[in-house]
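So you know, we letter chains A, B, ... as the sequences are listed, proteins then strands, and number each from 1. All heavy atoms count here, side chains included; hydrogens, waters and symmetry mates do not.
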Protein chains: 2
Amino acid sequence: MVKKEIKTFKKEIKIQNIVASASLEHEIPLIKLAEALPNTEYNPEQFPGLVMRIKEPKTSALIFSSGKIVCTGAKSMSKVKEAVDKIIQNIEKIKIKINIQPQIKVQNMVASGSIGVDLNLTSLATTLDHTEYEPEQFPGLVYKCPGTRATFLLFSNGKIVCTGTRSESKLREAVDMLVENLSKIKVK
Amino acid sequence: MVKKEIKTFKKEIKIQNIVASASLEHEIPLIKLAEALPNTEYNPEQFPGLVMRIKEPKTSALIFSSGKIVCTGAKSMSKVKEAVDKIIQNIEKIKIKINIQPQIKVQNMVASGSIGVDLNLTSLATTLDHTEYEPEQFPGLVYKCPGTRATFLLFSNGKIVCTGTRSESKLREAVDMLVENLSKIKVK
DNA sequence: TTTCTGTTATTTATATATAATTTATAAAGG
DNA sequence: CCTTTATAAATTATATATAAATAACAGAAA
């Protein structure tokens, strides 16, 4: 019985960063917020969003006057939710009442891991499609995985970085597809 | 009988600084060394090496935890050797025994002198290759002497500075080549 | 004039390469 | 005092590239 080649890869992947957005459905006076809270940075002439940093979970949020927010840095969905709650609590300190439970939408996930085998990036760049490899510019090979939102960064030691997916299931699907595609061109 | 033009140059050169490195082949506890010796300066968050100053020969040494050292300031090889011996004696004050006679490697020599003739740096900058001359930035003309490790700083009064060579013989060769190259384009 | 790019800012892993850090030294000009 | 040149040591920092939402401004193309 022939085992599928894919089984020989020791896939391993860990979510390192989640970017999520939400709308508080309420105008936010950013200047007032910036003056009231020490954990904020606001330079409207540089960027329209106010930056709010949360210690636990360690995250950073971008808050716009429209009430739209972007949360970055969390490593799990539960942490994202915790962070959003903290953000709302912070905003409510300036007497603004957020009446809704904002719907959180994951916009991007960054995960890192390994596929357990060394990769010859130079040959991969020519045998695999949808790749970009300029070692003198960046040591990783960029692979936009067809059929998925994922873009991978592949390194010669087998370490990988996956960006672009929006859920852990889609992330795992993408990694499986990456390994499958690599197997097809027999990288090992 | 036509005398060679080169003979009209009154070449003169003196070594002003020698930078040499060596390895003591022994780990050095820099914190302990800094606390025990007054002639040291150690700011690891600023620079990983400990600075040790020796009065005679007047030199300064950079000592790293790996046991690698860099000695600067000596004007002759014998002074470099004396300085390294003093450095080892200093280190042995904190009970560390350096069992070897480290092999000293000269990494750079700085020498100054004169070629005995005034130089029109502006015209030299255009007639001689491998030069850089920006008088409003620095009054000397920079000349990277092809075929040697030497880089010269040439001044309008004929004074010169030579950097980059690793031995007195190579230094003299470089100066000879400088004079020869200047003669070719008849600077006088 | 309108629309479409490209900055601006945030996070995060990955891995290369520079650059800056320190020390000494001469030269001439600011 | 600074400028410039070369040179080693080891450590930290930054730049390189990836995705994504926010939104305000810029410049450019239509």
Side-chain angles (χ1 to χ4, degrees), chain A residues 14-21 41 43-49 51 53 59-66 68-75 105-113 132 134-140 142 144 149-157 159-166, chain B residues 14-21 41 43-49 51 53 59-66 68-75 105-113 132 134-140 142 144 149-157 159-166:
Chain A
K14 180 180 185 304
I15 295 170
Q16 300 287 1
N17 178 33
I18 294 176
V19 176
S21 61
E41 279 179 45
N43 289 75
E45 67 294 332
Q46 193 172 34
F47 186 67
V51 178
R53 287 167 209 283
T59 53
S60 285
L62 299 180
I63 301 172
F64 300 87
S65 57
S66 64
K68 299 270 188 75
I69 65 174
V70 173
C71 175
T72 69
K75 292 182 187 296
K105 184 176 191 319
V106 173
Q107 300 289 358
N108 183 35
M109 287 182 124
V110 177
S112 62
E132 274 181 44
E134 292 181 60
E136 68 294 331
Q137 189 170 39
F138 185 71
V142 178
K144 288 183 180 294
R149 295 184 63 99
T151 291
F152 287 92
L153 297 184
L154 308 180
F155 300 89
S156 59
N157 60 4
K159 294 276 189 70
I160 67 173
V161 169
C162 178
T163 70
T165 62
R166 291 161 184 263
Chain B
K14 179 179 185 304
I15 295 169
Q16 300 288 359
N17 179 31
I18 293 177
V19 176
S21 61
E41 280 176 43
N43 287 76
E45 66 294 330
Q46 191 172 34
F47 186 69
V51 178
R53 287 167 208 284
T59 53
S60 287
L62 299 180
I63 301 172
F64 300 87
S65 57
S66 63
K68 300 268 187 76
I69 65 173
V70 174
C71 175
T72 68
K75 293 181 186 292
K105 184 177 193 315
V106 172
Q107 300 288 359
N108 184 36
M109 286 181 124
V110 177
S112 60
E132 273 181 46
E134 292 180 59
E136 69 293 331
Q137 190 170 38
F138 185 69
V142 178
K144 287 183 181 295
R149 295 186 62 99
T151 291
F152 287 93
L153 298 184
L154 308 180
F155 300 88
S156 57
N157 59 5
K159 294 279 190 65
I160 67 173
V161 169
C162 177
T163 71
T165 63
R166 291 161 183 263

R149(B) CZ to dA8(D) C1', in whole Å, measures 11 Å

R166(A) CZ to dA19(D) C1', in whole Å, measures 9 Å

Discussion item. Using a heavy-atom cut-off of 4.0 Å across all strands, would you classify S156(A) as base, sugar-phosphate, or nothing?
Written reply: sugar-phosphate

Margin query: Please give the distance between the P atoms of dA9(C) and dT14(D) as a whole number of Å.
Written below: 14 Å

When rounded to whole Å, the CD to P distance for the pair E45(B) and dA13(D) reads 11 Å

What nucleic acid atoms does G73(A) come within less than 4.0 Å of, heavy atoms only: base, sugar-phosphate, or nothing?
-> sugar-phosphate

| Counting any heavy atom closer than 4.0 Å, what does S112(A) reach on the DNA or RNA strands: base, sugar-phosphate only, or nothing? | sugar-phosphate

Residues C162(A) and F152(A): closest non-hydrogen pair is CB-CE2, 3.5 Å

*Across the strands shown, which category fits K14(A) at heavy-atom distances under 4.0 angstrom: base, sugar-phosphate, nothing?*
nothing

For F138(B) and L153(B) the tightest heavy-atom approach is CE2-CD1, 4.2 Å

Side-chain touch I18(B)/N108(B), heavy atoms, less than 4.5 angstrom | no

Given the options V161(A), V142(A), I160(A), L154(A) meets side-chain contact (heavy atoms from CB on, under 4.5 Å) only with I160(A)

Is any side-chain heavy atom of T59(A) closer than 4.5 Å to one of T72(A)? no

Residue set satisfying side chain to side chain donor-acceptor pair (under 3.5 Å) with K75(A), at least two apart, ordered chain then number -> Q16(A)

Identify each atom pair where a protein N or O and an N or O of nucleotides 22-27 of chain D are less than 3.5 Å apart, giving names and distance.
unit_1  : atom_1 : unit_2 : atom_2 : d
dA23(D) : OP1    : S66(A) : OG     : 2.6

Contacted region of DNA chain C by chain B, from 5' end to 3' end of the hits, cut-off under 4.0 Å to heavy atoms, spans dT21(C) to dG29(C)

Legend entry - Interatomic distance at P, dA15(D) relative to dT7(C), whole Å: 15 Å

When rounded to the nearest 0.5 Å, the distance separating NZ of K144(B) from CD of E132(B) is 7.0 Å

Applying side-chain contact (heavy atoms from CB on, under 4.5 Å) to R53(B) and not counting sequence neighbours gives E41(B), V51(B), S60(B)

Taking five pairs at each terminus, the helix from dT10(C)-dA21(D) to dG30(C)-dC1(D) shows an axis bend, to 10°, of 90°

query = NA contact type, N43(B), heavy-atom cut-off 4.0 Å: base, sugar-phosphate, or nothing?
reply = nothing

Sorted by chain and number, sequence neighbours left out, side chain to side chain donor-acceptor pair (under 3.5 Å) with S21(B) holds for Q107(B)

